[in-house]
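Below is one structure, written out as structure tokens; comments come after it.
Both counts, for ligands and for their atoms, begin at 1 and track the order of listing. No hydrogens, no waters, no symmetry mates; every other heavy atom, side chains included, goes into these values.
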Amino acid sequence: MRLDVLSIFPEYLSPLQLSLIGRAQEKGLLDLGVHDLRDWTHDRHRTVDDTPYGGGAGMVMKPEPWGEALDHVLGAGAEAPVASHARPPAAPVLIVPSPAGEVFTQATARELAAREHLVFACGRYEGIDHRVIDWAAERAEVRMVSIGDYVLNGGEVAVMVMVEAIARLLPGVIGNPESLDEESHEDGLLEYPVYTKPAEWRGHEVPPVLLSGDHGKVARWRRDERLRRTARVRPDLLAALPAGVLDAHDRRVLAALTEEREETAPG
Ligand code: SAM
């Protein structure tokens with residue numbers, strides 16, 4: 001997979017050289033290019049921002065450096081408008097981090113992990129002149145994506161979050177791909193709690209079933225814990241599960257949890 005990141009703080013992205021994502025680049029699984037947006041400015045001060053039309057606080061990122069930078073990273077795709085149905089499967093997807101975008105989820109990560117070329121445009125100040133997004137949408141698939149309902153100073157941290165979530169799904173990046181199967185958000189449930197040695201630590205014991213060696217019981221316990229944890233922490237996820245995902249045993253576990261809660265509720 002090819003990734004291009006455009007930013008006025010390219011050094012912000014340096015943690016992407018570390019750990020599994022760094023190793024994925026060494027192994028040739030990931031080809032990451034980080035570009036300084038100011039390389040596409042032409043004035044002495046390398047200006048990338050200007051005051052907003054209509055007035056108001058803050059500055060807006062100017063369209064010209066973005067246009068030239070995108071001409072460069074989108075390559076031939078940027079030359080003329082192309083209808084979405086006529087774009088080749090390897091065509092880049094332009095991802096514009098924004099608190100006003102669709103929310104990034106594990107499903108978004110899976111969708112983007114299947115693409116060949118992702119381009120990330122990190123905004124700063126009050127964001128990028130919107131004509132850049134409109135222009136790019138005529139040439140490439142454009143996704144404005146938020147990593148959550150809060151406001152960051154810039155898109156760099158959001159891009160690191162997205163790149164890490166996407167890249168770990170690529171074949172070969174995680175040593176044991178089975179470890180992805182039961183992870184939180186893969187099938188709508190959160191993961192069960194995990195434990196390692198020693199079996200007793202500061203008076204806290206590992207749940208005995210995990211020491212039983214009975215794989216069936218361990219699997220059932222883990223599923224029950226996933227259901228209980230999801231019901232307690234993220235009932236919205238349970239409510240959104242497609243029909244047929246929960247079997248009769250699952251429903252009994254959830255009903256027991258509801259009863260427990262009713263019994264312990266004050267009043
Ligand atoms: N004025 C914008 C608004 O209210 O929607 C916020 C701009 S923010 C200060 C500057 C940049 O940070 C944005 O252009 C975007 O790149 C990034 N950013 C901030 N919060 C984000 C979030 N929740 N998800 C993704 N990117 C975010």
Side-chain angles (χ1 to χ4, degrees), residues 1-16 21 32-41 45-74 78 92-113 115 117-169 184-185 233-234 236-237:
M1 170 183 270
R2 169 78 193 169
L3 301 178
D4 285 289
V5 184
L6 294 155
S7 162
I8 57 168
F9 294 118
E11 56 281 20
Y12 229 112
L13 283 305
S14 55
L16 292 177
I21 308 301
L32 172 69
V34 180
H35 312 271
D36 186 344
L37 180 71
R38 291 191 201 273
D39 288 348
W40 287 280
T41 57
H45 301 290
R46 309 182 83 205
T47 310
V48 292
D49 61 314
D50 208 333
T51 51
Y53 275 122
M59 301 294 273
V60 174
M61 295 191 99
K62 291 162 65 62
E64 300 94 328
W66 277 111
E68 288 189 31
L70 290 171
D71 287 344
H72 179 80
V73 294
L74 296 178
V93 182
L94 175 64
I95 297 153
V96 184
S98 165
E102 57 170 307
V103 176
F104 183 80
T105 64
Q106 188 68 12
T108 324
R110 283 233 166 254
E111 229 179 281
L112 295 174
R115 303 300 294 258
H117 185 189
L118 305 179
V119 176
F120 293 90
C122 299
R124 282 267 153 184
Y125 314 105
E126 294 307 317
I128 303 170
D129 184 310
H130 202 77
R131 288 170 294 178
V132 174
I133 285 111
D134 293 338
W135 169 87
E138 293 164 357
R139 288 155 175 84
E141 182 181 338
V142 178
R143 309 268 297 254
M144 287 180 72
V145 181
S146 166
I147 61 159
D149 293 344
Y150 39 78
V151 179
L152 304 166
N153 288 333
E156 290 76 8
V157 171
V159 168
M160 281 196 281
V161 167
M162 290 189 259
V163 168
E164 183 149 321
I166 294 164
R168 68 196 298 279
L169 299 175
S184 300
H185 304 295
V233 183
R234 293 290 305 274
D236 57 310
L237 294 180

Quick one: closest heavy-atom pair of Phe9 and Leu13, and the distance? O-CD2, 3.9 Å

Within the protein, residues bringing a heavy atom under 4.0 Å of ligand 1, chain by chain: Pro97, Ser98, Pro99, Gly123, Tyr125, Glu126, Gly127, Val145, Ser146, Ile147, Gly148, Tyr150, Val151, Leu152, Asn153, Gly154, Gly155, Ala158

Nearest heavy-atom contact between Pro92 and Ala140 is O-CB, 3.8 Å

What is the minimum heavy-atom distance between Cys122 and Glu156, and which atoms define it? CB-OE2, 3.5 Å

When every non-hydrogen atom of Leu32 is compared with those of Arg2, the smallest separation belongs to C-NH1, 4.4 Å

Taking all heavy atoms of Thr108 and all of Val103, pick out the closest pair and write down the distance. OG1-O, 3.8 Å

Would you say Thr47's side chain and Asp49's backbone share a donor-acceptor pair under 3.5 angstrom? no

